[in-house]
Every structure is written in structure tokens, then in C-alpha cells.
Amino acid sequence: MSTTDFIKQVQNKEIDVVEHTHKVLEEIKKINKEYNYFNTISEELALEQAKSVKKNPKGRLAGLPVSVKDCIVVKGVESRAGSKILSGYKPVFDATVIEKVKAEGAIIIGKTAQDEFGFGGFSVNVGVGMKIPLNPFDKNRACGGSSGGAAGIAQKISFPHIAIGESTGGSIVNPASFCGVVGLCPTYGRVSRYGLMDYANSLDKIGAIGKTVEETAMMLSVISGFDEKDSTSINKPAENYENVVGKIVKNMKIGVIKESLEEGTDKEIKSDIIKAVKGFEELGVKHEEISLPLTMKYGVEAYYLTAMSETSTNLAKFCGMRYGKHEKLEGGFNQYFSKVRSANFGEEAKRRVIIGTFARMAGFRDAYYIKAAQVRTKIIEEYKKAFKKVDCLVSPTMPVVAPKFSEIKKLTPLQNYMMDILTVGPNLAGLPHVTVPCGIKDGMPVGLMLVGNHLMEGKLLQLAAAYEQK
Amino acid sequence: MTKKFTSDIVIGLEIHAELATDTKLFCSCPTHGSDEPNTRTCPVCLGHPGSKPVLNEKALKYALKLCLALGCKISPDLIFSRKSYFYPDMAKNYQISQYEIPLGEKGKLSLKAGKSVGITRVHMEEDPAALVHTGSIQKSPFVLVDYNRSGDPLVEIVTEPELTSPEEARDFMKQLITVLNYLGIFDISRCVIKADANISIKESGYTRAEIKNITGFKEIERALNFEVQRQKHDVAEGKKIVHETRAWDSQKGMTFSLRQKEVEEEYGYIIDPDLVRIEITKDLIEEAKAEMPELAQDKILKYVNKYRIKKEDAEVIAQERLLAELFEKVASEIDPVLAAKWLRRELVRVLNYNKKEMHELEIDESHIIDLLRLVESKKITDTTGQKLMEKLVEKPFDVRKYIEKEGLAVVADKGALEKFCKEAIDENPKAVEDFKSGNEKSIQFLIGQVMRKTKGTAAPKEVNEILKKLLK
């Protein structure tokens, strides 16, 4: 049953939402035992909501199970951003996106697994003592990250469902691509970040993961729009993005990113992308090659310096004083803070705090933090120039298919960061992007990434849906 | 850097003043109200994960007015930075402040004597929480944190090191408080103003000590006077003055070392990515300007040049915005010189005596005008006027009716006055004898008797003349 049909049936009271929610909870508990997609299953909240939706089955997401990435706060439900340091933290408020989906009748089923605070591309950098989510196609492989749990459950669940994910440098499209589902990351500022636990505030974006383009479009229609509680939110009302699904794309134009098909990208993946471009051709979509030399050369560096500088300040508040994990009070405040942070941050979190702090120190900040901001401006200019010629840019989402855990262990931190080479560009530039499955290699899904101009989610989703339905 | 200094003492100030907005700088929690700990808080000022700051635009306007009043160059954009350091009073372990580009730069403020002191910068920032100790900081077994203050709006005003004495530092603070009061952006009854002072002396080659958290302009002079003596004493004893941070103990009247400053503090500033740049438009500046009153220093000039009153009177009156406003209203009806004299001398005297502030005064200009009209036309004596002023400050009443009722008008009838004088002479033969035997002063006693008989309504000069005539 399609999600749209499901919601209609709920609205018409043809489905008992409480009964259905029980079934969904049973299934995700079972899946979770095997695959570790959830850090918390919010059974109590889900059933409470189901009862209220049963009485009043209105709303655009009536009765629909929605999973939420752990870093987005849900009132009263343990929210940890995948970190041990937030153990036991039950937020006192709902994130704006949660308020919105609740108001439309969605059922919050749980908080999905992620790399701690979003620090990774494979969901292996989970918090101390937490479990790594496994790829739905092959349990020896990663889900991708950092919204790994979200993409995994989106693929594995048998019921209609949409996941709310979050992307800083590619954390929506990366796992969606590795798990063979659709991931949508909107324009920076299109969706309120209020209630999102910050990784890097100038880069963080909340988006959606689902089995179809339409599902992600439906979710964006609900969660986007201006929010006075987030100063960076764009003052533009939400649109009905699902309306673009099925619209004719003839005479639109895509640009194939030249560098994305060169060295570093798997050959079979390259041929899948070329096939996809041919598919667009059959739909009457024109194409040309676009080169983004600056983005491809400096994107990863600019991304990591910016993200780590910001994150090293964001993580400072976690010190065992006001919320989350506490330790035995001993010594001065510096010793206490150090003890809490040493014991409860994972290795990658510590690495990023250290590098980020270094990059913004007097004497270094000009060379790193400030320089990265300048490069970022240049990268935006490079994209803007490209969008004068084409409606969307296409490339593989990831240069490889989901790697095995044994392979990931062998990667150096730098090799690990280079995996983000194709996704950091649109994330640095704040551009909307979407991944759709476009092939299979070694039994593992391959993703095609489409990148649109700022606030052009409609056009982006129109092209993605046309390709998906072909 | 030290080469440019030539004065015996070099002082620079960093002053933090709390802006009198009703809500905090980045959330809508109230800045005043209940003092029960941690009741005026929300996820934003508690630094809860996921919460985000949103600028209070009123605070921006207040800060902008201060920048304009100090003649600062205004930044084209408002940009906030994160100042990172770990401390238990910080909700986020960074403070939202301004770094590279402050709201205002390169301003100035004149001291009473006319000396102009350079303002390096004026910027906005949030207040941290308050740490509460039981007993003294040194002995308290624990520390409590009260977040009611967390996120209150502050302006920091940094001066050039151009102050050359503790008196100047005091005067600077006083002038600044006057400006803040005039602008209506500071509420003396609840807003805190604190200064950090950098001070050095010639004898040490200008090695500076920073004295933290001095509250009030009187305290600053005391603290700096102590510090000058300490530094001179140490140099004289052959001790080396070190670059350090010191605290001021107001009760003991001395400064003490907190920590040495071997390196500058490292705050790892980044631009706060949760807050967008806000353009300081011409419209916004014009709007702020339009709402600004005429400031004290302009008023002093006006009073001296237009109203022809004494500079000292003008300074006292202009220092206090409410007094200045009252003066201007009165001076539109009454001779300004007379008005200035009565407000500056009598009203201020009576207020001080009653320990009252201008804002507690219940009378308005009409009472003062009524009173001074009577004085001006000599219908009442100065003595009566003074007494009336004392009563008016206690509680307002209709001055003219009161005079009629109490019969306090000047005894204008010479015949009646002569009668009182004769009575006084008859009743006090001893004083008369003393006067006649050459003790001129004893006539004062007789005048006093006449004044008592006339309830102070007689003009002393006239009584004096009549008495002398009668005693010839």
C-alpha cells in the first residue's frame, strides 16, 4: 500500500490506527534486535498519539509512522544525538519539525541510530557503548551515515513510514544511497533547525528519507517554512511539493558533474550514472557536462574545517552540569568537566573537538577557519554559475557502494573524510539535493544524486520523480 | 606600545552596563521580576541542546543609541561571535559576544573638565549566570548557579588608555552613567554597571594590572587610588610589577592578585552561525536618532549660552535628566537664573536631606512655578520659599491657597512691621542695651524675634532698617 493510500484510509477510518501502531512497534522491535536502527523506541508516545489520531484522524500525515534521527529533540523521549554524554536526557520541548508532524497526525515511533552528533559517513562512530546499525542488504556492511538508522529502517520496514533525517555534509543522501532508498536534503534554512542538536549550525539541515520521492516530498511539505525561533530560517511559506510528482520534465536540462566520473569513482557506478543520464534523455531532458574544479579540489577541506570549528563550540555545553550524563562531583570544575567529557565522548567526537579548537585558535584561525569561509563563498559562486546553464546537476551520490565493516577499519581518518567528496559540495553551498536508487553493484544499491539551485526543491523533486517512475 | 605613554598614571576602562530591556538578549524570558532562583529561564538561556538564540531588537536599538550618543562609527552589519571558555556560570560554555566588528568604534566622551576620552569600541553581549556561594568564595563548600541573569543584555564600552588619574576614571563613569540615563536605556534601580580597569604607572615602565568587577563610580576611584599606591610602593621597594589580573575587595579597601597573565586568554572566536548578520540600515539609525533626547553635554552649553546661568549650576542640573527636564519647563515661565538657583540649591538640598531621588518626586513644574512666581514678585520671602519647598517635596499641595490660608505673604505694610519691631524692642531690653553699647550683632537677635512674630513673612533687610531707625 502506498503511503498516500494509507493516510487516506486512516482519514476515512478504514484503518484502526491504534491496532496498526501496535503492529508497527512489534515489527520495528524485531528488526531492531537484528539491525540496531533505533537508539530509543518511543512506544508510549506512539500509542498515546495513535489513540488521539484514532479519535480525530485528520492531518496530512494521519496515523503515519515517522522515525526521527536521534539528534532532533522530542519532548519527553530520551534524545541523545547518538552520544553517551546525553544519556537519560529527556528534552523539555519539541523541535519545530516535531511540532509540525505531530500537528499533522504523524506517529513518532522512535529515535534512529547515527554517528555520534553526526560525526561520520558510516554510522560506525556511534556513542560509547551504543550499537552500530547494519546494512539491510548485507549485515557485514555499513548503512552509511550519519543518518544510518533512518535509512536502514526506511528500507527494512514493511509498513508505510517516513524517516526524518539530518544532513551536515551528506548525512541524508549518503545512507539513503547505501540502503537503496530516497533521501532528500532541502535548501539550508528551508526547514527550521529549532530543536536540532547542533553539529555545525551553518551547515545543518533537516530532511526526509523514504522509499519514494513522493514520500520525501510529502514530508518536506509538512516540515518546511519560516520559524521565528530559528534566525537562519528562510522567510518563505511551505509549498506542496508532492504536486510536482508526475509532471512532465521535457526540455529541462541537467549538468553532469565532470569530476564525479573521473578517478576515485567506482567504474560500475560510473556506468550506472551514464545509463541514468540516457534515461533522462529518453524523457526529453537535455544534458551537458559541467566542471566544478574548485568544489572538487577544496570542498572536503573547507567542509571539515568549518564543521569542526563550529562543532567544537557546540559540544562545549556538554559538561555534566545541567543535563545528560553526570559523574561523581570531585575536584575543581575544570577537572570535573574533563572527567565527564573524557569518559562520555567517543573517539571521533574528541578528534573533531581537538581539530576544531585548533582551527579557530588565535594565530591559526586566519589560515584555517577564516580561509575555509572564503573558500566556501567561492564554491557557492561556482555552483551559481552552473545553475545559469542547467536546472539540476547530477553525479553519483557516493563514489563506492556500502563498504564492509572490515574495509572501514582499514581507512585512515583522511581516507574516511574523502568518502564525502561528492556530497560536501551541495552541503557547503546549502543547495537542495536528493538521491534516488539507480543501480546495483555486488548486490548493493547505487545512488544517483541530483542537486538543485537554492529553494528549487520543486524542480529537483520533479526530475527525481520522473527518473524514479521511468 | 608602552612608548607612547608619558603621564604618571595610565588607565583604560572596560565597562559593562546592563540594558534596561524587559526581555533577555536572545530569548523572551523577563530580565526582572521574581528573584526566586532559576524561575526566569527557558531552554535558550539554559543552553539546552537544540535551542537557538533570536535577537531582541530592542536591545540592538538601545545599544545603537549609546553608540550614537558616544559619536561612534556604526558598523554596517551586526555580527555576533562565540567567545569560548569553560566556566560554570556559562550556559553553553561560550558567550555570545562581538569580536571582529563591534557595533560601534572610535567614539568619545567628554569629562567634566572638558577633556575628551576616546572610546575604542562599544559592543553587545549576553550576561552569564550568577554563581552563588555560601559565605565567602574561598570557604564555600559548594557553588550554586542561578540562571535568572543568564542571557541578560549587556553593552561593553572600552576606552582608550587615556585616563590619567583615579579621579578621571570616576568622572568618566559618572559621565557615562549620565548618558545611559538620558538615553533611557539603563535603569539605575535594577541594572548593574561594572568596570574592569587596566592601570599602570610610569615608574614600572607601564606594566599594567587589570582590576576586575568594580561596581559604581565611587568604588572605581577608591580601587584605583589603592592600586596606584600599591604599585608605587612595590616599585619603591624594588619589587617587580607583574602583568596580572586583580580583584577589588571593597570592604577591606584593597586589591588582591587573582592570576598572572603570562599569555593573553585564548577564546577561539568564531562568528555565531545561529545568528544571521543584521544590516544596520540608515532607517534604523535615523529611527534611533529620532528617539534620542538632547544629551547632558548639549544641555550644559545651552543653559550657559541661552539661559545665562552659571556653569556649575548648569552641570548639576544637566547631570540628572529629570532635573534638567523640570528646569527647562520652569525656566520657560520664570527667570532661568532664579529657577536654576532654586532647583540646584533648594530642591537638591531638600531631596538629599530626605534621601529622595528625582524619580520619587511627586510634584511637577506647576508647583515650582507657583512657588517661584511668589518669590520672584517678592510676595513671599526666601525663608518662606525654602520652607514651602521642604513641604512640597514631602507632599504636593496648592502653593497659592496654602499661602493665603497660612497668612505667609510678605508683610508689605510698613506700619504693621514697625509695630512688630517696637514690640520686639520693648520685650528685649537686654538686647537693646547691648546694641546701644556697641554690640552690633545683637540686632540679629531682634531681627529674629520680628521674623518669628511675622511667621517669616517679613523681609529681613527691611526689618533691619526699621530697627536701626527706631534704636537711633
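Letters go in sequence order (proteins before strands), and every chain restarts at 1.
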Nearest heavy-atom pair of [X] and [Y]: which atoms, and what distance?
X: K52(B); Y: D198(A); result: NZ-OD1, 2.8 Å
X: S51(B); Y: Y194(A); result: CA-CE1, 3.8 Å
X: E310(A); Y: I270(B); result: CA-CD1, 3.8 Å
X: C319(A); Y: N93(B); result: SG-ND2, 3.5 Å
X: N314(A); Y: Y94(B); result: OD1-OH, 4.5 Å
X: G268(B); Y: R360(A); result: O-NH1, 3.0 Å

Under 3.5 Å, is there a donor-acceptor pair between the side chain of [X] and the main chain of [Y]?
X: R322(A); Y: A91(B); value: yes
X: E266(B); Y: M361(A); value: no
X: R82(B); Y: T313(A); value: no

Which bit of [X] comes within less than 4.5 Å of chain B, counting heavy atoms only: side chain, backbone, both or neither?
X: R80(A); answer: neither
X: F358(A); answer: neither
X: T232(A); answer: both
X: Y89(A); answer: side chain
X: L86(A); answer: side chain
X: L329(A); answer: neither
X: A95(A); answer: neither

Greatest number of heavy atom pairs closer than 4.5 Å to chain B - which of [options]:
options: M321(A), M197(A), R193(A); value: R193(A)
options: A316(A), A81(A), A359(A), G195(A); value: A316(A)
options: P91(A), A362(A), G363(A); value: A362(A)

Where on [X] is there a heavy atom nearer than 4.5 Å to chain A: the side chain, the backbone, both, or neither?
X: I271(B); answer: both
X: V143(B); answer: neither
X: Y269(B); answer: both

For [X], does the [atom1] atom have more than 12 heavy-atom neighbours from other residues, nucleotides or ligands under 6.0 Å away?
X: K90(A); atom1: NZ; result: no
X: K58(B); atom1: NZ; result: no
X: E160(B); atom1: CD; result: yes
X: E381(A); atom1: CD; result: yes
X: E36(B); atom1: CD; result: no
X: K106(B); atom1: NZ; result: no
X: K339(A); atom1: NZ; result: yes
X: K75(A); atom1: NZ; result: no

- Message: Could you check, using the six-membered ring where one of them is a Trp, whether F333(A) and F86(B) have ring centers closer than 6.0 angstrom?
- Response: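 That pair fails the under 6.0 Å test.
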- Out of D274(B), V54(B), V276(B), which one racks up the most heavy-atom pairs below 4.5 Å with chain A?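 Winner by heavy-atom pair count: D274(B).
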- What option among P43(B), P49(B), P88(B) has the most heavy-atom pairs under 4.5 Å with chain A?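 Option with the top pair count is P49(B).
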- Item | side-chain contact (heavy atoms from CB on, under 4.5 Å) partner of P273(B), the single match among L203(A), D204(A), N201(A), T306(A) |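 Answer to the side-chain contact (heavy atoms from CB on, under 4.5 Å) test with P273(B) among L203(A), D204(A), N201(A), T306(A): N201(A).
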- Query: What distance separates F337(A) CZ from Y87(B) OH, expressed to the nearest 0.5 Å?
  - Reply: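 One gets 10.0 Å once the value is rounded to the nearest 0.5 Å.
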